[in-house]
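Here is the structure we will look at.
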Amino acid sequence: MRVRRQSLQPDRPTLRRSAPATADIAGRYQTRSHPMSAQQPGAEASSDLDDLRYRMRHSAAHVMAEAVIKLFPEAQIAIGPPTEDGFYYDFEVSRPFTPDDLEQIDSLMRETIKADRPFSGVTLSRDAALERFDDQKFKVELITDLPEDEEITVWSHESWEDLCAGRHADSTGQIGAFKLLSVAGAYWRGDESREMLQRIYGTAWENKKELDAYLERIEEAERRDHRRLGRELDLFFFDPIAPASPFFLPKGTVILNELNAYVKDLYVKYGYQEVTTPQIFNTDLWKQSGHYDNYIENMYMMNVDEREYGVKPMNCPAAAMLYAANTHSYRELPIRYADHGRLHRYERSGVTHGLMRVRTFTQDDAHIFATLDQIAGEVNSFIEMLDEAYAVLGFGEIRLALSLRPEKRVGTDEMWDRAEAALSEVLEASGRQYGAEEGEGAFYGPKIDFFVPDALGREWQLGTVQLDFSLPERFDLEYAAEDGSLQRPVVIHRAMLGSVERFLGVLIEHTAGALPIWLSPVQATVIPIADRHVPFGEGVVEKLRSAGVRADVDAGNDRMNAKIRAAQGRKTPYMLVVGDREQEANQVAVRERSGGNLGAVDIDDFVARVVEEIATRA
RNA sequence: GCCAACGUAGCUCAGAGGUAGAGCAGCUGUUUCGUAAACAGCAGGUCACAGGUUCAAUUCCUGUCGUUGGCUCCA
């Protein structure tokens with residue numbers, strides 16, 4: 001499956017996409033370990049199979065390019081690597097591909113595969129290669145950019161040859177079952193300022209059974225799409241009147257509130273103080289923070305009484321102001337200010353996506369003001385808290401990335417050395433896997449991001465912890481050190497859920513909407529068998545509500561079977577059937593969302609059981 | 001922002017140059033039922049918005065807005 005990585009900085013959601021398995025022109029197979037990606041079962045992911053899939057997908061890309069050139073002789077071909085679940089190839093063509101084109105390309109490919117042409121590779125000199133591809137400008141550019149000593153190879157399957165460092169199938173017949181999936185625009189070399197190419201995505205598997213299984217996984221993922229479930233479960237919706245801004249219905253709001261309440265419980269345990277800050281600030285603040293210069297395009301600005309204001313896109317400057325409102329001693333540090341303020345960012349059209357990337361959202365955001373020596377302890381404590389919460393929420397597939405200093409940055413090298421060392425020491429000590437990514441840090445400091453995949457395997461950044469040297473400078477933050485000197489604290493931005501909206505989106509896709517009971521908008525629904533049982537059912541609801549359980553009664557005149565079906569559709573954890581027998585014995589017949597029938601239980605026993613489950617966030 | 005597709009009832013969709021249809025949901029009535037869909041009826045739409053072509057546009061064209069899939073971006 002295609003994998004995207006989306007990062008959410010404490011002040012902003014970010015998305016980076018990279019093909020998980022890509023081959024550059026030299027054919028180097030670059031992959032990253034994705035222990036979490038929702039892929040095929042691990043059992044069949046033997047390295048031999050991976051190798052076969054890599055080679056046949058890479059070969060399928062070549063075969064596809066050949067077909068495209070047959071249909072579009074003038075096409076300029078770019079690159080066509082295998083991906084984690086298939087392949088793509090980029091072309092520059094006179095007009096975009098249509099579904100009809102794809103069908104023709106598909107049948108030409110099948111002919112080539114049937115012909116079972118063997119693959120072979122040859123090494124060429126630079127000049128020979130340039131001559132061979134002199135009518136293909138992208139290939140010429142690739143060859144020209146190759147290092148002098150790079151070996152240049154051409155791979156062919158008789159009827160077609162392509163600049164490529166290879167690893168191909170033995171012959172085209174080895175390409176198993178494939179399917180062309182979609183056409184999409186993509187920039188040449190991923191550069192917004194270069195040509196917009198037409199990319200055809202395909203998937204390929206060793207046999208039809210695997211292909212069908214893959215397509216079935218995609219369909220299943222679509223059934224778990226949080227946008228669809230959000231509608232079906234009456235959690236939230238979107239309206240063009242407020243683009244990319246969710247309206248949360250009562251049920252969705254219950255979930256958000258429960259998530260926030262949980263985070264705030266953890267704040268007590270981990271020593272945070274919650275603060276509340278304004279929504280709109282005079283632009284002087286954004287000029288001081290640097291956001292005015294760098295991010296005004298993404299801010300909502302307004303003029304009132306001839307003064308300019310900006311709606312906050314992040315909480316950091318307000319946190320800095322809170323800190324600066326008093327003098328501080330080293331004895332007070334670290335200070336941890338949590339701020340779940342509402343943020344607004346004008347995201348460019350085309351980048352928004354359901355709850356995952358929106359224009360208004362909240363973060364479980366906090367800023368820690370600390371000494372350099374306290375960094376490791378604070379980061380450690382944060383990761384501990386995150387682990388605790390993600391375990392409760394059932395997120396097992398987390399990828400950690402340590403993002404190191406970018407070229408454009410603030411702060412001295414010595415500070416970066418210390419900060420990066422602090423983060424990697426924490427990670428090493430934790431013994432967990434992580435990838436170090438050069439140049440991916442924020443301009444103000446290095447960070448650790450926590451990625452979790454959605455139903456389609458697209459990764460989204462949820463948690464993050466970032467060190468910041470810039471903010472304390474810009475706001476002239478200080479503390480009195482032990483020796484009486486004034487020192488600069490470091491700021492640690494951290495968000496555990498990240499954007500609460502995005503977190504909910506990922507959570508819905510992980511659970512297919514069947515949220516744990518403590519997060520369920522309705523925790524138990526009473527199903528009277530006949531009208532005469534409704535009053536008794538209402539009494540049951542009253543008892544549950546008195547105990548703090550969100551319960552309702554389905555008093556409609558549907559049959560019991562239909563009510564159960566409806567409640568299953570709403571993913572209600574418990575269905576309590578009440579009829580003559582239950583009323584007689586003051587019991588409820590308990591049915592679980594999973595289908596289990598627990599039989600008749602005394603009402604008080606059931607209440608106690610549910611209250612316990614909710615309290616322990618089981 | 002870029003490439004492309006799409007926008008018809010609350011939801012999922014069908015439809016055609018002559019002012020619209022289904023299923024589900026909703027409402028009403030009948031039924032009062034034992035663990036995943038009782039039956040019948042009713043109601044519900046300026047066919048996203050704005051221009052244009054045409055005797056006639058929801059249908060064709062253009063633009064705008066929105067959404068979807070990618071690309072790029074993401075303090």
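Letters A, B, ... are given to chains in the order of the sequence lines, protein chains preceding strands, and every chain is numbered from 1. Just so it is clear, the values below take in all heavy atoms, side chains as well, and ignore hydrogens, waters and symmetry mates.
Mapped onto RNA chain B by nearest heavy atom, Arg227(A) and Arg565(A) fall at different nucleotides, with Arg565(A) at the one closer to the 5' end. Along RNA chain B, the nucleotide nearest Val578(A) and the nucleotide nearest Phe443(A) are compared for position; the residue whose nucleotide lies closer to the 5' end is Val578(A).
Atom CZ of Arg199(A) is separated from atom P of G70(B) by 11 Å (rounded to the nearest Å). Rounding to whole angstrom units, OH of residue Tyr88(A) and C1' of G69(B) are separated by 15 Å. Computed from coordinates, the Phe238(A) CZ to C65(B) P distance equals 19 Å when rounded to whole Å. Following rounding to the nearest Å, Asp239(A) (CG) and U67(B) (P) show an atom-to-atom distance of 10 Å. Rounded to whole Å, the distance from CZ on Arg357(A) to P on G66(B) is 16 Å. Summarising the geometry, the separation between CG on Leu576(A) and P on G34(B) is reported as 18 Å, rounded to the nearest angstrom. Protein atom CE of Met356(A) is 10 Å distant from nucleotide atom P of G69(B), rounded to whole Å. Between Arg228(A) atom CZ and U68(B) atom C1' the separation is 14 Å, expressed in whole Å.
For Glu216(A), the CD atom is densely surrounded, since the number of other residues' heavy atoms within 6.0 Å is greater than 12.
A parallel orientation is assigned to the rings of Phe247(A) and Phe237(A), their planes being inclined by less than 30° (bins at 30° and 60°). Using bins of under 30°, 30° to 60° and over 60° for the plane-to-plane angle, the ring pair His226(A)/His353(A) lands in the tilted bin.
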When you compare the protein's N or O atoms with those of nucleotides 1-12 of chain B, which come within less than 3.5 Å of each other, and at what distance?
from  : atom 1 : to        : atom 2 : distance (Å)
G1(B) : OP2    : Ser349(A) : OG     : 2.2
G1(B) : N7     : Ser349(A) : O      : 2.2
G1(B) : O6     : Gly350(A) : O      : 3.3
G1(B) : N2     : Tyr187(A) : OH     : 2.5
C2(B) : O4'    : Tyr187(A) : OH     : 3.3
C3(B) : O2'    : Gln198(A) : OE1    : 3.4
C3(B) : O2'    : Gln198(A) : NE2    : 2.6
C3(B) : O2     : Gly185(A) : N      : 3.2

Taking N or O atoms only and anything under 3.5 Å, show me the protein contacts with nucleotides 31-33 of chain B, one pair per line.
from   : atom 1 : to        : atom 2 : distance (Å)
U31(B) : O4     : Asn557(A) : ND2    : 2.9
U32(B) : O2'    : Arg532(A) : NH1    : 3.1
U32(B) : O2     : Asp531(A) : N      : 2.9
U32(B) : N3     : Asp531(A) : OD1    : 3.3
U32(B) : N3     : Asp531(A) : OD2    : 2.8
U32(B) : O4     : Asp531(A) : OD2    : 2.4
C33(B) : OP2    : Arg532(A) : NH2    : 3.2
C33(B) : N4     : Asn557(A) : O      : 3.3

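Taking atom C1' on both nucleotides, U31(B) is separated from C39(B) by 8 Å, rounded to a whole Å. G69(B) and G26(B) have their C1' atoms separated by 33 Å, with the value rounded to a whole Å. Here the separation of C55(B) from G29(B), taken at their C1' atoms, is 48 Å to the nearest Å. U19(B) and U58(B) are spaced 8 Å apart, taking the C1' atom of each and rounding to whole Å. Taking atom P on both C47(B) and U28(B), the two are 29 Å apart, rounded to the nearest angstrom. Taking atom P in both U67(B) and U8(B), the straight-line distance is 14 Å, to the nearest Å. Nucleotides C61(B) and A57(B) have their C1' atoms positioned 11 Å apart, rounded to a whole Å. Straight-line distance between the C1' atoms of G18(B) and U54(B): roughly 12 Å, to the nearest whole Å.
Between Glu195(A) and Arg189(A), none of the side-chain N atoms (NZ, or NE/NH1/NH2) sits under 4.0 Å from a carboxylate O, so this pair counts as no salt bridge.
When all heavy atoms of Asp234(A) and Leu249(A) are compared, the closest pair comes out as O-CB, 3.4 Å. Here the closest non-hydrogen pair linking Arg57(A) and Ala204(A) is NE-O, 2.8 Å.
At the phosphate of G69(B), OP1 or OP2 sits under 4.0 Å from a side-chain N or O atom of His353(A). Distances shorter than 4.0 Å separate some side-chain N or O of Arg458(A) from OP1 or OP2 on G69(B).
Under the Watson-Crick or G-U wobble criterion, with both distances below 3.5 Å, C73(B) is left unpaired in every strand shown. Remark: A22(B) base-pairs with U12(B). Criterion, Watson-Crick or G-U wobble with two distances under 3.5 Å. Nucleotide A38(B) has U30(B) as its partner under the Watson-Crick or G-U criteria, with both atom distances under 3.5 Å. The nucleotide A5(B) finds its pairing partner in U67(B), both defining distances of the Watson-Crick or G-U wobble pair being shorter than 3.5 Å. When both pairing distances are held under 3.5 Å, G44(B) makes no Watson-Crick or G-U pair with any nucleotide shown. Across all strands shown, the partner of G51(B) is C61(B), judged by Watson-Crick or G-U wobble contacts whose two distances both fall under 3.5 Å.
Base contact: Arg581(A) has a heavy atom under 4.0 Å from a base atom. Residue-level contact check: Gly354(A) touches the backbone only, with heavy atoms under 4.0 Å from sugar-phosphate atoms and none from bases. If you check every strand for non-hydrogen atoms under 4.0 Å, Ala589(A) touches a base. If you check every strand for non-hydrogen atoms under 4.0 Å, Glu582(A) touches a base.
Listed nucleotides U68(B), A36(B), G34(B) differ in distance to Ile564(A); the shortest reach to its side chain belongs to A36(B).
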Exercise. Checking side chain to side chain donor-acceptor pair (under 3.5 Å) for the pair Glu141(A)/Trp188(A): CA distance, chi angles, key distance, verdict?
Worked result: CA-CA 11 Å; Glu141(A) 181 176 332; Trp188(A) 168 233; 3.2 Å; yes
Problem set entry | Worked check of ring-ring contact (aromatic ring centres under 6.0 Å, His included) between Phe606(A) and Tyr574(A) | CA-CA 10 Å; Phe606(A) 177 74; Tyr574(A) 286 110; 5.2 Å; yes
Problem set entry | Chi angles and distances behind the ring-ring contact (aromatic ring centres under 6.0 Å, His included) call for Phe91(A), Phe97(A) | CA-CA 10 Å; Phe91(A) 308 94; Phe97(A) 296 115; 5.8 Å; yes
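How far CZ of Phe369(A) is from CG of Asp468(A): 9.5 Å, rounded to the nearest 0.5 Å.
Defined by atom type and a distance below 3.5 Å, a donor-acceptor pair is missing between the side-chain atoms of Asp100(A) and Thr98(A).
When each of Arg593(A), Lys563(A), Arg591(A) is tested with Gln568(A) by the rule side chain to side chain donor-acceptor pair (under 3.5 Å), just one qualifies, namely Arg591(A).
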